[in-house]
Each structure stands twice: as C-alpha cells, then as structure tokens.
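Here the structure comes first, spelled out in structure tokens, and everything after it is commentary.
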Protein chains: 2
Amino acid sequence: MQIGELAKRGGCDAETIRYYEREGLLPAPARSASGYRRYEQAHLEQLAFIRHCRSLAMSLADIRRLLAYHQHPSPAPCDDINALLDAQIGRIHQQIASLQRLEQQLLTLRARCDAPHTVADCGILKTLEGAASGEGCVCHDAPSRD
Amino acid sequence: MQIGELAKRGGCDAETIRYYEREGLLPAPARSASGYRRYEQAHLEQLAFIRHCRSLAMSLADIRRLLAYHQHPSPAPCDDINALLDAQIGRIHQQIASLQRLEQQLLTLRARCDAPHTVADCGILKTLEGAASGEGCVCHDAPSRD
DNA sequence: TGCAAACCCTGTAGTTACTATAGGGTCAAG
DNA sequence: CTTGACCCTATAGTAACTACAGGGTTTGCA
C-alpha cells in the first residue's frame, strides 16, 4: 500500500509517517520504480503500536524502547518495561495534581470579578497587579494550604 | 539594576528576560555606556506580573493582552478579561479530565504485569502488541465507558 | 599594573512531536 | 493531453524557553 492508505488506516497523516521514518520508529519501506514508498501489513502493525502508545501519551523515546523489546523478545526480566509504565503513570499523576492546584488558583482569581465592571476597575486585573507589586495574591496564598 | 539582579528578583534567568524583551512583553530598558541593560523598579513589577500569570499557565499571547489592559486601563467593560480567565479555566479543566482518563488506561495496562516476567512474556508488551494487530485493548476498551 | 572571575552582549541552534509550505514528479481517467 | 489526486524532498514553523559560541566589561586582589 502507499503512504496515503497507511496513513488513513493508521489514523494519522502521511507527514507523520515520514517523520516516524526519519526518527527511526518505522523502518524505511521498499520503493516503487518512481520512488513511492510501498508498505506491507507489518508496517501497519508497527504504526498501530506506535499510535497506540502515543494515545497513552508516551514519548517517542519511550516508544522506541518498547519497540526494541518488541523486536527482540528476550528471556531477560521485564522490569524495565514495568518501570517505564510506572514512570509514565507517575508523570501523569503529578500533572493531574498540579493542574488541580492550578484550577483552584484560577477559580479563586476568577471570583474576584463576578459582576460586570470596567477594565479600570476589574478585580481580576487588580489582583494580578497587586501580586506583581509584592502583595500576597489570593490565588497563590489563599486556597491550597498544603 | 542589571539583568542578573532582575532575574534573581523575578525568579527567572537572564535569558528569559531577554526573550521577553524580544517578544515585546517587557519594554527595552535604558543601556549603560557599555551596552548593559539597566532596569528600574517598574520593570521588576512588570516581570513579576508576567511570571505570576505564567505560574497560572497563561500563554504569552494572553499575558500580552492582560498587559495591554493593565497599561491602558479603560472605562470599557472588562468582559474580555473575564472571558480570558474562563477560557483558561476551561482548558485546564479539560486537560485534567483527559489526564484522568489517561491515568486509568495506564493503570489498567500496568495491571497486566504484576508479577515479574521475562520480556518475551510481559503482559504489558503483549497487550500493546495485541492492540497493534487489531484486537481490542484493555486500556482503551475496558475502563472509561463514557 | 596585570590578571582572573563574574558579569554582560549578540546571534544561533536546540527542545517535542509534529504540521505546513514550496517546488517539484507520477499516475489514472476522461 | 490535460486535470486531479497522489507522491517526493527539503525547509521552516509551532511554544516558551534553554544552551551554546564567541566575544566585551567590570571588579577585586596581588
């Protein structure tokens, strides 16, 4: 199949596939006489593997490592794979916690302007200005006292 | 004060300050005879404003808009500022939801390998490979049935 | 006076995972 | 024989910095 069909079946676009090839995540396929890439079923499976991992927000570097294990299944223990997953889960967990703190801070700031005001009189802007000149700010001081 | 001191007081480093100047977020300061940037108190306040907004994960584009309101306080209504905050809150909220789904998927996948295995026998890797060849995958199919 | 450390300057390239564009070649249908 | 849909390479852009390379300046100390 040509790159366009692989792209459609893999749920990404052709540029992305060429990018993965350049990055060494997909092997360079055979070419037709005119230089078009010609892919086999195995390429589709590898692309699906990559896209699936990407949908789990794994980095291309991590995916490269997983692909290496996939291509050279070894009798060594799989601790490394587990550690990779654990690190990924840890990162996501931390991101969630930090975004939740952020959301609280933003909601606190947002509450400073509930009724319609003028720009010159906007509680949000005033709070931001106050924080800039060294006053403690509601958004970072008040809510998350951890 | 010189750029190094501004950086220390503003909690960022000198490169970042030069970057903000290039991006038009900080006005170009006066220069000494030898070309060193010389900052005033007002610069520190503006930098603090920017860094505070950044700590709320606002984009530089949004911060630029807030700075404009700050510099030209107008009698117009502040709807725009409120809308900016609401959009920011919405984005963060969606990110949290999507990361929470992700975390569940990763935990489900992680559960496929609880005991120590060999790489060739790792439940995580097998699950990823299965998903790549078209089988439904636990991580995306099982948990979040919304 | 000489020197070294600690500053500062500009300009450019790197980061992530793509996406978009320019400027071309190929192929099948009508 | 032309039109449209496809393909190719190479390069630049995205966000918000960060990290050089390759230089100049200032300050303190011997």
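Chain identifiers are assigned alphabetically (A, B, ...) following the order of the sequence lines, protein sequences preceding nucleic acid strands; residue numbering begins at 1 within each chain.
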Problem set entry | The single option from Gln2(A), Met1(A), Arg18(A) passing side-chain contact (heavy atoms from CB on, under 4.5 Å) against Arg37(A) | Arg18(A)
Using atom [atom1] of [X] as one end and atom [atom2] of [N] as the other, report the distance to the nearest whole Å.
X: Tyr19(B); N: dT12(C); atom1: OH; atom2: C1'; answer: 15 Å
X: Glu21(A); N: dA17(C); atom1: CD; atom2: P; answer: 18 Å
X: Asp13(A); N: dA17(C); atom1: CG; atom2: C1'; answer: 12 Å
X: Leu25(A); N: dC18(C); atom1: CG; atom2: C1'; answer: 12 Å
X: Leu60(A); N: dT19(C); atom1: CG; atom2: C1'; answer: 14 Å
X: Arg22(A); N: dA17(C); atom1: CZ; atom2: P; answer: 14 Å
X: Ile63(A); N: dA17(C); atom1: CD1; atom2: P; answer: 8 Å

Problem set entry | Rounded (10°) bend between the five-pair end axes of the helix from dT1(C)-dA30(D) to dG30(C)-dC1(D) | 30°
Can you tell if the side chain of [X] reaches within under 4.5 Å of the side chain of [Y], non-hydrogen atoms only?
X: Leu44(A); Y: Gln41(A); result: yes
X: Pro29(B); Y: Leu6(B); result: no
X: Leu47(A); Y: Tyr39(A); result: no
X: Arg65(A); Y: Met58(A); result: no
X: Leu107(A); Y: Glu103(A); result: yes
X: Leu66(A); Y: Asp62(A); result: no
X: Asp13(A); Y: Thr16(A); result: yes
X: Ser98(B); Y: Gln95(B); result: no

Problem set entry | Closest-nucleotide 5' rank along DNA chain D - winner of Ala61(B) and Glu15(B) |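 Nearest-nucleotide comparison on DNA chain D picks Ala61(B).
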Problem set entry | Closest-nucleotide ordering on DNA chain C, the 5'-leading residue of Ser59(A) and Glu5(B) |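 Final value for this comparison: Glu5(B).
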For this session: Take Arg51(A) and Gly4(B), find for each the nucleotide of DNA chain C with the closest heavy atom, and name the residue whose nucleotide sits nearer the 5' end.
Result: Gly4(B)
Problem set entry | Non-neighbouring partners of Pro27(A) that pass side chain to side chain contact (heavy atoms under 4.5 Å, CB included), sequence neighbours left out |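 Counting only residues at least two positions away or on another chain, Pro27(A) forms a side chain to side chain contact (heavy atoms under 4.5 Å, CB included) with His43(A), Gln46(A).
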Exercise. Which is the 5'-most and which the 3'-most nucleotide of DNA chain D that has an atom under 4.0 Å from a heavy atom of chain A?
Worked result: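 Range of nucleotides within reach of chain A: dC6(D) to dT9(D).
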Compile the donor-acceptor pairs under 3.5 Å between side chains in residues 116-132 of chain B and protein atoms, sequence neighbours left out, one pair per line.
unit_1: Thr118(B); atom_1: OG1; unit_2: Asp121(B); atom_2: N; d: 3.3
unit_1: Asp121(B); atom_1: OD1; unit_2: Lys126(B); atom_2: NZ; d: 3.3
unit_1: Thr127(B); atom_1: OG1; unit_2: Gly123(B); atom_2: O; d: 2.6
unit_1: Glu129(B); atom_1: OE2; unit_2: His70(A); atom_2: ND1; d: 2.7

Exercise. Does one side chain, of Arg91(A) or Gln88(A), offer a donor that lies under 3.5 Å from an acceptor on the other?
Worked result: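 Indeed, the side chains of Arg91(A) and Gln88(A) share at least one donor-acceptor pair under 3.5 Å.
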For this session: With side-chain contact (heavy atoms from CB on, under 4.5 Å) as the test, would you mind laying out the steps for Tyr20(B) and Leu60(B) before giving the verdict?
Result: CA-CA 9 Å; Tyr20(B) 288 160; Leu60(B) 296 188; 4.1 Å; yes
Problem set entry | Cys78(A) side, atom SG; Leu84(A) side, atom CG - distance, nearest 0.5 Å |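 Here the interatomic distance stands at 11.5 Å.
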Exercise. Is Glu23(A) touching bases, backbone alone, or none of the nucleic acid, heavy atoms closer than 4.0 Å?
Worked result: nothing
Problem set entry | Sugar-phosphate only, base, or nothing, as touched by Arg18(A) at under 4.0 Å among non-hydrogen atoms | base
Exercise. What parts of residues 26-36 of chain B reach DNA chain C, counting only heavy atoms under 4.0 Å away?
Worked result: Arg31(B), Gly35(B), Tyr36(B)
For nucleotides 2-4 of chain C, list the nitrogen or oxygen atoms of the protein found under 3.5 Å from its nitrogen or oxygen atoms, one pair per line.
none

